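Following: one structure in structure tokens, then a few remarks.
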There are 2 protein chains.
Amino acid sequence: MVTIRDIAKRAGVSGSTASRALNNHPKISQKTRDKIKAIADEMGYLPNYNAKNLTNGVSNAIGVVFPPGEMSTASNPFYVDILMGINRELRPRNGVLSVAIANTMDELTANVAALISQGLIRYFVLLYSKKADPVIKLLREQKVDYVVIGDPNAEDECFVNNDNQLAGQKAGEYMLRKFNAKRTLFVESDPEQGFERKRRLGFQQAMTTAGIPSEVLKVSLKGQMKLDDAIAQFLMTRQTIDGIVTTDDRLGLMIYQLLWRQLDREVPLISFNRNRTNNLLMGPMVRFVELYPQTMGAAAVRVLVDPAKHSEMIPFTIER
Amino acid sequence: MVTIRDIAKRAGVSGSTASRALNNHPKISQKTRDKIKAIADEMGYLPNYNAKNLTNGVSNAIGVVFPPGEMSTASNPFYVDILMGINRELRPRNGVLSVAIANTMDELTANVAALISQGLIRYFVLLYSKKADPVIKLLREQKVDYVVIGDPNAEDECFVNNDNQLAGQKAGEYMLRKFNAKRTLFVESDPEQGFERKRRLGFQQAMTTAGIPSEVLKVSLKGQMKLDDAIAQFLMTRQTIDGIVTTDDRLGLMIYQLLWRQLDREVPLISFNRNRTNNLLMGPMVRFVELYPQTMGAAAVRVLVDPAKHSEMIPFTIER
DNA sequence: CTGTTAGCGCATTCAC
DNA sequence: GTGAATGCGCTAACAG
């Protein structure tokens, strides 16, 4: 391992000068700075972050908090994309990504607590949003910075989000305008999650504006019942349905096919949360509200690191 | 922050004694050990791992390496479960979980390199398995320990895996025995991934043993074509099919429904890689080969930490 | 069994 | 602008 002293020696300066040069300390002549940086490069110097963190009393890591297993939602694959985005923004800053993940809220909270005190982590990204969250309570007590991906729970909370209501509205309008669908069914799974409710509200608003009654089907993914049958039955009584907007593409795939089978014709569909690896759901009448999870992850890091940034809304698009 | 000296002072001993007591050093009297631990507890002491790591020259973190985005496979949601399992085993040891994730192999390799030299991480879990992997090359050069989840690429490589061939065979036998299916179709997506090929081999072996010809359909998830149609067409020419075994439950969902629609009857299906949040695919004739990803993650940590352990095979079950 | 000393790699006083 | 000295929190010799 090549230390800062190695390069100091090689440059004929003291350790402190080398340190200052590498950290762009203002009172170092441009000349020595360049020289030292060149040598460091040449020797393949990489700072030891354990030492760095020890002296600064903080960590270069950010903690990413997954939702507890007990509240695991439908958007699982989303997370990996967010991680990718976070790391894309983190790597150039030489940050590392640590995760907290557990089955229960208690374990999760303990995990975060450990990261804070053992590792001195000062920045966190929450991959979920929940009111009265014990993790957030802890974070605030410890005065560490955090950003939630999703709806903020308090005024002063940093967040990265989509405009879900607008997205719902645009999806509805798209149905009307491009597919001329007059009886679109909105399918949601768990509207307690704020984002689903907002999408529905936006959708309903679009329908109201167009003077069209809107129909909503709630499919709880939690009950282990025979969804196929239940939904098929429901659809049977709604033969006039000529469009679907759904908040989850797995739900979408299912209903899409059920409806196709029943009506013997294809019905246009718009789905959120596209699963990139899931190109099973497609066709000329299928669209996705693309939310750009990687972009969201990257934005989270920016909001976290830049004290001036309080939040970022990530634009969406509707595409095939 | 309460340091080891604080508790030493309070206990009337020296720093090193306190350190030794807390680390269960053998040559500390049971009495002082208990006393010091009690005090530490009472004061809410938590070790500073940056300091610890600095002196030991190693990290308490393990690095989890995701497959590069460019080779992202179908098993995405699996990963989150594995993380959960890893952390379950890691937390009691006060370990932290860091991740390396990137879009390209180059970025990923750089990420891992940084974790090694900057963070001094000495243990890695690879969430994928690939021949001639540059990350593995790096890991071996740097002499850090790692374990792959999946097929090992070399004799001396530590791994955690399922017996995929046996699983394929059992799935085939299950079809024959429980569903009396004589013309089961095996659906695979990307057999270059070793595990898919093994499952197929096992399946074919079961069929051969039973004296039944086996049929295999390969559905590449990579081509952005209209799979629906292609598969429907294929199925049209195979009206005698009376069972399906598939390596991916999204594929399974699709084919299941397509076939149902075409034949107007339900066909038994066995799928791998169950997506826990995906209880859309079910019914009296649906089974899953449950691979227990959480258990796999936990096993990976054990293999990594225990020098005597070289590998672990995680048993599977076939269930509804 | 326990205390003293030294040092991990780095950043930061304080002098010059 | 630069160097020498100090300490972050902890562990590992080396005494005793």
Side-chain angles (χ1 to χ4, degrees), chain A residues 1-37 39-40 43-61 94-96 114-122, chain B residues 1-37 39-40 43-61 94-96 114-122:
Chain A
M1 169 187 295
V2 33
T3 80
I4 211 169
R5 284 177 196 267
D6 296 331
I7 92 160
K9 204 165 294 174
R10 190 106 128 56
V13 298
S14 79
S16 32
T17 302
S19 168
R20 286 191 266 249
L22 294 171
N23 290 296
N24 295 316
H25 190 97
K27 312 200 175 204
I28 289 282
S29 75
Q30 192 61 41
K31 229 159 94 179
T32 48
R33 183 181 323 200
D34 291 344
K35 178 173 148 201
I36 289 178
K37 282 193 175 173
I39 294 183
M43 299 181 71
Y45 167 76
L46 284 172
N48 178 329
Y49 273 87
N50 284 313
K52 248 187 141 117
N53 296 342
L54 180 58
T55 57
N56 310 344
V58 300
S59 165
N60 64 322
N94 285 312
V96 335
L115 286 181
I116 295 175
S117 20
Q118 301 181 346
L120 307 174
I121 296 187
R122 268 197 345 193
Chain B
M1 170 186 292
V2 32
T3 80
I4 211 168
R5 284 177 196 266
D6 295 331
I7 93 159
K9 202 166 296 173
R10 189 107 130 56
V13 299
S14 79
S16 35
T17 302
S19 169
R20 287 191 268 246
L22 293 171
N23 291 297
N24 295 316
H25 190 98
K27 312 200 175 201
I28 289 279
S29 77
Q30 192 62 41
K31 228 159 94 180
T32 48
R33 184 181 321 201
D34 290 345
K35 178 173 148 202
I36 289 178
K37 280 192 175 174
I39 294 184
M43 300 181 71
Y45 168 76
L46 284 171
N48 179 328
Y49 273 87
N50 284 312
K52 246 184 145 132
N53 296 341
L54 180 59
T55 57
N56 304 346
V58 300
S59 166
N60 65 321
N94 285 312
V96 334
L115 287 182
I116 294 175
S117 21
Q118 302 181 345
L120 307 174
I121 296 187
R122 266 198 346 195

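Just so it is clear, the structure is predicted and the values come from calculations on it, not from any experiment. Residue numbers begin at 1 in each chain, while the letters A, B, ... track the order of the sequences.
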- Note on the structure: Separation between OG1 (B:Thr17) and NZ (B:Lys27), nearest 0.5 Å, reads 14.0 Å
- Please report the closest heavy-atom contact between B:Ile36 and B:Ala21, naming both atoms and the distance. CD1-CB, 3.8 Å
- Minimum heavy-atom separation for B:Asn60 to B:Asn94, with atom names? ND2-O, 3.0 Å
- Query: Listed by chain and number, what are the side chain to side chain donor-acceptor pair (under 3.5 Å) partners of B:Asn56, not counting sequence neighbours?
  - Reply: none
- Task: Between protein and nucleotides 8-16 of chain C, map the contacts as a letter string: B base, S sugar-phosphate only, - none, heavy atoms under 4.0 Å, written 5' to 3'.
- Result: BBBBBB---
- Overall bend of the helix from C:dC1-D:dG16 to C:dC16-D:dG1 (five pairs an end, 10° steps) is 40°
- Task: Identify the heavy atoms of A:Ala61 and A:Ile121 that sit nearest to each other, and give their distance.
- Result: O-CG2, 3.5 Å
- Please find the earliest and latest nucleotides of DNA chain D, in the 5' to 3' direction, that have an atom within less than 4.0 Å of any heavy atom of chain A. D:dG1 to D:dG9
- Message: Test your reading of the model: is there a side-chain donor-acceptor pair from A:Asn48 to the backbone of A:Asn50, 3.5 Å cut-off?
- Response: yes
- Is there a donor-acceptor pair closer than 3.5 Å between any side-chain N or O of A:Arg5 and the backbone N or O of A:Ala18? no
- Item | Contacts of B:Arg10 that satisfy salt bridge (charged side-chain N to carboxylate O under 4.0 Å, His left out) - sequence neighbours left out | B:Glu42
- Message: Quick check on contacts: within residues 30-37 of chain A, what sits under 4.0 Å from DNA chain D by heavy-atom distance?
- Response: A:Thr32
- Just how far is it from atom CD of A:Gln118 to atom OG of A:Ser59, taken to the nearest 0.5 Å? 12.0 Å
- Message: Taking B:His25's backbone N and O only, do any of them form a donor-acceptor pair with B:Arg20's side chain (distance below 3.5 Å, no angle check)?
- Response: no
- Item | Straight-line distance of B:Leu22 CG to B:Ile7 CD1, nearest 0.5 Å | 4.5 Å
- Are A:Asn24 and A:Lys37 close enough that some pair of their side-chain heavy atoms sits under 4.5 Å apart? yes
